[in-house]
Amino acid sequence: MADMGLMAFYPQIKWVHIAAVTTSGSLFALRGALVQAGRPRWAMAAPVRYLSYSVDTVLLTAALMLLTILPGAMFANGWLTTKLVLVVVYVVLGTFALKRGRTPQVRTACWLAALLVFATIIGIARVHHPLGWFYRWFA
Ligand code: HEM
């Protein structure tokens with residue numbers, strides 16, 4: 001699986017992934033805040049949505065490139081699988097925070113839960129372990 005040709009660009013691709021993660025997370029936090037402030041139309045305005053899709057496409061593309069470069073052994077403890085499951089949870093919570101949540105309470109809870117899951121994903125990515133930020137406490 002490891003692609004040695006792309007290896008030379010690993011640091012740059014990782015930088016792009018992290019930059020997209022930062023932008024994507026900030027954008028989601030901001031759009032959720034707009035929904036919380038009673039401005040859902042601003043949160044869901046076409047330019048904002050398209051910016052969101054574009055950043056997430058860059059994020060995912062860079063992620064897939066990192067995947068093709070890294071040796072499979074790096075994922076032996078299941079951190080990436082855990083991360084991917086949480087990415088799905090994050091996306092679903094995000095749709096409830098921004099539009100699918102029927103009541104303000106549901107939208108607030110889903111927004112906060114999504115941000116918490118986001119921070120959890122970053123912890124897992126940083127330590128390369130499913131326990132993420134809690135790794136030091138348990139292992
Ligand atoms: C959606 C699919 C995703 C895949 C397949 C993926 C995959 C990867 C891979 C393979 C790495 C390289 C690990 C390393 O070199 O140390 C990485 C790094 C990273 N990812 Fe993702 N990622 C995804 C989404 C996300 C999301 C949504 C976030 C944020 C919530 C995120 C946050 C990070 C961070 C912070 C790093 C850098 C870790 C470090 O500092 O070493 N990723 N990701």
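Each ligand, and each atom within it, is numbered from 1 in the order the structure gives.
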Which residue holds the protein heavy atom closest to [atom], what is that atom called, and what is the gap in Å?
atom	result
atom 41 (O) of ligand 1	Lys14 NZ, 3.0 Å
atom 30 (C) of ligand 1	Phe118 CE1, 3.2 Å
atom 28 (C) of ligand 1	Val21 CG2, 3.5 Å
atom 15 (O) of ligand 1	Tyr10 OH, 2.3 Å
atom 16 (O) of ligand 1	His128 NE2, 2.6 Å
atom 18 (C) of ligand 1	His17 CD2, 3.5 Å
atom 27 (C) of ligand 1	Val87 CG2, 3.9 Å
atom 3 (C) of ligand 1	Ala63 CB, 3.6 Å

Quick one: which of Val127, Leu84, Val91 has a heavy atom closest to atom 2 (C) of ligand 1? Leu84
Run down the list Ala62, Ala125, Ser24 and name the one with the heavy atom closest to atom 38 (C) of ligand 1. Ala125
Using side-chain heavy atoms (C-beta onward) and a distance below 4.5 Å, is [X] in contact with [Y]?
X	Y	answer
Leu59	His17	yes
Leu67	Phe75	yes
Ser52	Arg31	yes
Trp137	Leu131	no
Phe28	Leu98	yes
Tyr10	Leu70	yes

Using modelled atom types and a 3.5 Å cut-off, is there a donor and acceptor pairing between side-chain atoms of [X] and backbone atoms of [Y]?
X	Y	answer
Trp79	Met74	yes
Asn77	His128	yes
Trp133	Ala119	yes
Arg107	Ala97	no

I'd like to know if Tyr90 contacts ligand 1, where contact means a heavy-atom distance under 4.0 Å to any ligand atom. no
Just to check, does Trp79 reach to within less than 4.0 Å of ligand 1 when the distance is taken from its heavy atoms? yes
Value rounded to 0.5 Å, distance of OG in Ser24 from CG in Leu51: 9.5 Å
[X] heavy atoms, cut-off 4.0 Å: which ligand 1 atoms fall inside?
X	result
Leu59	24 (C)
Ile18	37 (C)
Leu66	9 (C), 10 (C), 11 (C), 12 (C), 17 (C)
Leu80	7 (C)
Leu60	1 (C), 2 (C)

Assess Lys83: does it contribute an N, O or S atom lying under 2.8 Å from atom 21 (Fe) of ligand 1? yes
Go through Leu6 and Met65 one step at a time and tell me if the side chain to side chain contact (heavy atoms under 4.5 Å, CB included) criterion holds. CA-CA 8 Å; Leu6 268 177; Met65 290 174 80; 4.1 Å; yes
Measure Leu64 to ligand 1 on non-hydrogen atoms and call it side chain, backbone, both or neither using the 4.0 Å cut-off. neither
